There are 2 protein chains.
Amino acid sequence: MTTRHTRRDVVEAAGRLFAQKGYHGTSMRDLGRELGLLGSSLYAHISSKEDLLVEVVDRGAAMFQESAERALSTPGSAVDRLRALVAGHVGVVLGHMDEVRTFLNEARALDGGHRARVLAARDRYEQAFRQVLAEGVEEGSFRADLDPKVSAIFVLSILNALDRWYRPGGPLDADGLVDALMEFVMMGIGSGSKE
Amino acid sequence: MTTRHTRRDVVEAAGRLFAQKGYHGTSMRDLGRELGLLGSSLYAHISSKEDLLVEVVDRGAAMFQESAERALSTPGSAVDRLRALVAGHVGVVLGHMDEVRTFLNEARALDGGHRARVLAARDRYEQAFRQVLAEGVEEGSFRADLDPKVSAIFVLSILNALDRWYRPGGPLDADGLVDALMEFVMMGIGSGSKE
DNA sequence: CCTACCGATCGGTAGG
DNA sequence: CCTACCGATCGGTAGG
């Protein structure tokens with residue numbers, strides 16, 4: 001029984017294709033084919049291709065935002081909150097890879113106003129990391145000479161690259177990934193023999 | 001005196017636009033406008049749009065390849081070679097940002113054969129990092145329980161994100177950036193007070 | 001490097 | 001959701 005599609009189906013399929021081939025690399029006819037209908041039929045559900053991108057990207061932004069809020073309200077030390085941020089990020093990436101990839105890579109296809117909103121959302125998210133890093137410095141858990149701004153960027157660089165290599169079902173499960181990330185971020189790779 | 005353009009000019013301008021708007025987001029007419037001529041006139045210098053992408057991407061691949069080879073032949077400890085890899089990477093990114101961004105982000109627009117070559121080039125480059133990390137473990141400079149494979153990915157994640165945020169002329173110069181990268185990678189952010 | 005095109009494909013609409 | 005389109009733009013060519 002070939003059910004009819006909902007607007008949600010269309011947005012989801014759009015996320016899949018935008019993540020895979022990019023916004024400009026995806027035609028409305030491609031998207032129709034993905035759902036088993038004609039490109040022109042999509043306009044019964046949505047009003048423009050760019051609206052579709054805005055919606056996918058907004059979903060990605062919202063997920064990271066919620067994850068950060070939850071992590072920031074975690075009680076305990078700054079290390080605990082950093083772990084919560086990292087675990088939350090991993091959860092978002094693994095659970096919604098298409099929206100995440102579109103959010104991270106396709107914002108440049110948006111017009112000025114929408115693009116500015118995405119950049120603002122990314123800034124707020126980065127701010128959460130900066131805050132926790134600064135707390136950890138005061139607390140004594142992180143190195144006193146840390147630059148929270150640069151360190152936040154480095155941590156986020158690792159997190160934002162996850163979609164490029166991590167595949168569920170591989171040797172590393174989600175918990176192992178969080179552990180590996182925290183270990184790397186907290187201790188680095190050095191043996192400490194020269195300090 | 002409006003000089004005539006060379007094939008190199010066209011490839012360079014293509015790199016600029018592909019990096020900025022993506023391969024599918026750049027039309028041959030866009031590229032012509034960038035150089036002050038018509039889209040159709042470009043075909044006096046090149047034979048197809050995809051050839052242009054292949055050439056830009058190959059340049060990026062070659063630069064990373066050369067940088068890795070130079071770094072691997074650096075005498076001294078594995079830490080010295082890691083620093084050479086990082087400094088070389090920073091040099092490539094700062095010196096050839098357009099090719100780098102196109103190499104990193106636009107490979108998916110290539111057809112199967114060309115895309116496979118790019119992935120192979122990235123693998124070889126990652127291999128250089130893995131090798132140095134493994135050497136450092138044996139040498140005792142890096143933690144004995146290190147997974148060189150995962151650690152190489154983490155280090156490269158930070159390096160490959162540089163083009164997303166680093167701007168020359170900012171508070172951090174190239175040498176300072178290399179120092180910050182090495183410090184983060186070697187020691188992490190933890191104070192070590194709990195180990 | 002321009003003029004003058006070509007067929008194909010694009011996002012999108014009217015009407016059912 | 002399909003039929004039947006629309007004008008605009010796409011990558012690319014012939015000929016100069």
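Since this is a predicted model, take the numbers as computed values, not measurements. A note on names: the letters A, B, ... follow the listed sequences, proteins ahead of strands, and every chain is numbered from 1.
Annotation: of the two residues near DNA chain D, A:Gly36 and B:Tyr43, the 5′-most nearest-nucleotide partner is A:Gly36.
Of all heavy-atom pairs spanning B:Val79 and B:Ser141, the tightest one is CG2-CB, 3.5 Å. Across all non-hydrogen atoms, the minimal contact from A:Tyr43 to A:Met28 is OH-CG, 3.5 Å.
Residue B:His45 is in sugar-phosphate contact alone, with no base atom involved, counting any heavy-atom pair closer than 4.0 Å across all strands shown. Base engagement by A:Leu38 is indicated by at least one non-hydrogen atom pair under 4.0 Å involving a base atom. At the heavy-atom level, A:Ser40 lies under 4.0 Å from base atoms of the strands shown.
Partner B:Val56 forms a side-chain contact (heavy atoms from CB on, under 4.5 Å) with one of B:Asp51, B:Val11, B:Leu17 and no other, that one being B:Val11.
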Open item on the list: Please evaluate residues A:Met187 and B:Met187 with respect to the criterion side-chain contact (heavy atoms from CB on, under 4.5 Å), reporting the C-alpha separation (whole Å), side-chain torsions for both, the decisive distance (0.1 Å), and the verdict.
Closed with: CA-CA 5 Å; A:Met187 320 203 314; B:Met187 320 202 316; over 6 Å; no
Exercise answer: donor-acceptor pairs, residues 89-104 of chain A side-chain atoms, under 3.5 Å, sequence neighbours excluded:
unit_1	atom_1	unit_2	atom_2	d
A:His89	ND1	A:Tyr125	OH	2.7
A:His89	NE2	A:Leu159	O	3.4
A:Thr102	OG1	A:Asp98	O	2.9

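You can see that DNA chain D meets the heavy atoms of chain B within a 4.0 Å-exclusive cut from D:dC10 to D:dT13, reading 5' to 3'.
For DNA chain C, if you chain together Watson-Crick or G-U pairs that step i with j, i+1 with j-1 and so on, the runs of at least three with distances under 3.5 Å are C:1-16 with D:1-16.
Applying the 6.0 Å contact sphere to CZ of A:Arg167 captures more than 12 heavy atoms from other residues, nucleotides or ligands.
Of the N and O atoms on the side chains of A:Gln65 and A:Glu69, at least one donor lies less than 3.5 Å from an acceptor on the other residue.
Rounding to the nearest 0.5 angstrom, the gap separating the CG atom in A:Asp9 from the NE2 atom in A:His45 is 7.5 Å.
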